[in-house]
2 protein chains.
Amino acid sequence: MTDAELENEPAPTAAILVIGSEILSGNTQDANIHFIAKRLVQRGVRLQEVRIVPDVAEEIIGAVNALRKKYTYVFSTGGIGPTHDDITSDCMAKAFGVDHMVAPEAKKRLEDYYKNSGTEVNEARLRMATLPAGSVLIDNPVSAAPGFQVGNVFVMAGVPKIMQAMFNHVETMIEGGPQLFSLTIECNQKEGDIGDELGKIQKNFPDIEIGSYPHMYQTPSLSIVVRGTDDDMVHNAAAKVKELLRKMGEQPFI
Amino acid sequence: MTDAELENEPAPTAAILVIGSEILSGNTQDANIHFIAKRLVQRGVRLQEVRIVPDVAEEIIGAVNALRKKYTYVFSTGGIGPTHDDITSDCMAKAFGVDHMVAPEAKKRLEDYYKNSGTEVNEARLRMATLPAGSVLIDNPVSAAPGFQVGNVFVMAGVPKIMQAMFNHVETMIEGGPQLFSLTIECNQKEGDIGDELGKIQKNFPDIEIGSYPHMYQTPSLSIVVRGTDDDMVHNAAAKVKELLRKMGEQPFI
């Protein structure tokens, strides 16, 4: 494709599917969504939705099927360990309507990894090598048991250190999109004072997204974030926001 | 209802809907999901799903309508401020098919609050008093602009301090359910060593949920969480887990 065609390509979109009853029950706080969100922005992939579902087969299958049809990529975390509550892999096979079987390469990686420590590849551990047919392995440099790609779904561990290591490999497996440029303007205005005028600037820049995020009991008390794929236009819109803030007696900073 | 009938009542279920492009773009890390999850457990309400959607009307409306039909309660956070990107209230009216109009009591609260500081209730601030017809106000002791309940949906601010203050009121507006008991057993087993036997214990306690959550590079390295509505049965299942751990040479602690 030419550069011009590339620019007109719609950006790839994505959803994150967090599989974890422990997060819904308040036992654990998710640490993966924010990590993946930041990395996707850097790759020009637009994260459009996140869902957190419990370790319940029909909920996982329903969410996977809804998300994989709607977005370019789905990134799931959680539920691929060796215990009875790790049902993600089986659910992915069911969602895609493919067999769920031992993947020889995945089994070999586990055997090689455990050989050194004299650990046995028992039935529980073999669960981690049982994958949807046709899966492509995602490397796990931390603890060997691989993640996997099936269709447009990338299935990763829930433990943040392992997920992050897997994501390094996942990044090489996906196509990025046009870079999203973003400028954050910090100020001490109240949203209610600035809202009407800010809305007018937004109307004048329909291809730019202007967001306004207040912080209680903090200085600066308001972040105005200007985002878009056209760097010049992001700067122009941000200049208008700064002009407005100066009119209101502030020296805004970026 | 008698105690026996109450015990047989299914527990109320819930979903959280986080409305915020700033979270999907990685600019902000959500701080509300974990807070609400923990508080719902204490009230005996079962959190079944979380969705994060952008500030896009059709996505918000679609998610609200999907979630409110599936769960007893929906708790939304974000998008109820005075700026152009705050479209939650309008979307809730559209989702429920009701008018979106100035609520006199909400307007009065804003006027009273701003009177003291000589702040003007301009068009931007009046957005915060424009609510779906028939809404019940949720108190905002921090910054006056109320949240609101429409149908089974409770609409709160995204700023954590304000959301938390609003949630104190929301708790008085919902029915709780049977308390969920939970015991966490910490140990240093590998999931792969314990998985097969743990699965057998799970099979013997079908009404109890046994979850296994590894922690990398930490001691203890594995949390086994036993949950259920029958306190005695939770203790019995936990006793079996501890017995298993002792057999493996560990002194587990709760």
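A, B, ... follow the sequence lines: proteins, then strands. Residue 1 opens every chain.
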Q.
Quick check on the interface: out of B/A14, B/S25, B/A63, B/S182, who has the most heavy-atom pairs with chain A under 4.5 Å?
A. B/S25
Q.
Among B/D55, B/V142, B/I33, B/I210, which residue has the highest count of heavy-atom pairs closer than 4.5 Å to chain A?
A. B/I210
If you count heavy-atom pairs under 4.5 Å with chain B, which of [options] comes out on top?
{"options": "A/I36, A/L198, A/L180", "result": "A/L198"}
{"options": "A/V56, A/V159, A/V121, A/L126", "result": "A/V159"}
{"options": "A/E123, A/R46, A/K38", "result": "A/E123"}

Would you give the length of the straight line joining atom [atom1] of [X] to atom [atom2] of [Y], rounded to the nearest 0.5 angstrom?
{"X": "A/N27", "Y": "B/T184", "atom1": "CG", "atom2": "OG1", "answer": "5.5 Å"}
{"X": "A/L47", "Y": "B/I52", "atom1": "CG", "atom2": "CD1", "answer": "8.0 Å"}
{"X": "B/Q29", "Y": "A/D30", "atom1": "CD", "atom2": "CG", "answer": "8.0 Å"}
{"X": "B/E209", "Y": "A/H84", "atom1": "CD", "atom2": "NE2", "answer": "8.5 Å"}
{"X": "B/L24", "Y": "A/L40", "atom1": "CG", "atom2": "CG", "answer": "10.5 Å"}

Where do [X] and [Y] come nearest, in terms of heavy atoms and distance?
{"X": "B/I162", "Y": "A/M216", "answer": "CD1-SD, 3.8 Å"}
{"X": "A/K190", "Y": "B/T119", "answer": "NZ-OG1, 4.1 Å"}
{"X": "A/G192", "Y": "B/A124", "answer": "O-CB, 3.7 Å"}

(Q) Using a 4.5 Å heavy-atom cutoff, which residues in residues 15-23 of chain A come close to chain B? (A) A/S21, A/E22, A/I23
Give every donor-acceptor pair under 3.5 Å between a side-chain atom in residues 75-83 of chain B and any protein atom, sequence neighbours left out.
from  : atom 1 : to     : atom 2 : distance (Å)
B/T83 : OG1    : A/E191 : OE2    : 3.4
B/T83 : OG1    : B/D85  : OD1    : 2.5
B/T83 : OG1    : B/D86  : OD2    : 2.9

Counting only non-hydrogen atoms closer than 4.5 Å, does [X] touch chain A with its backbone (N, CA, C, O), its side chain (CB onward), both, or neither?
{"X": "B/E120", "value": "neither"}
{"X": "B/R227", "value": "side chain"}
{"X": "B/S143", "value": "neither"}
{"X": "B/S223", "value": "neither"}
{"X": "B/Q202", "value": "side chain"}
{"X": "B/Y217", "value": "side chain"}
{"X": "B/E59", "value": "side chain"}

(Q) Contact between B/R125 and A/D193 at the side-chain level, heavy atoms closer than 4.5 Å - yes or no? (A) yes
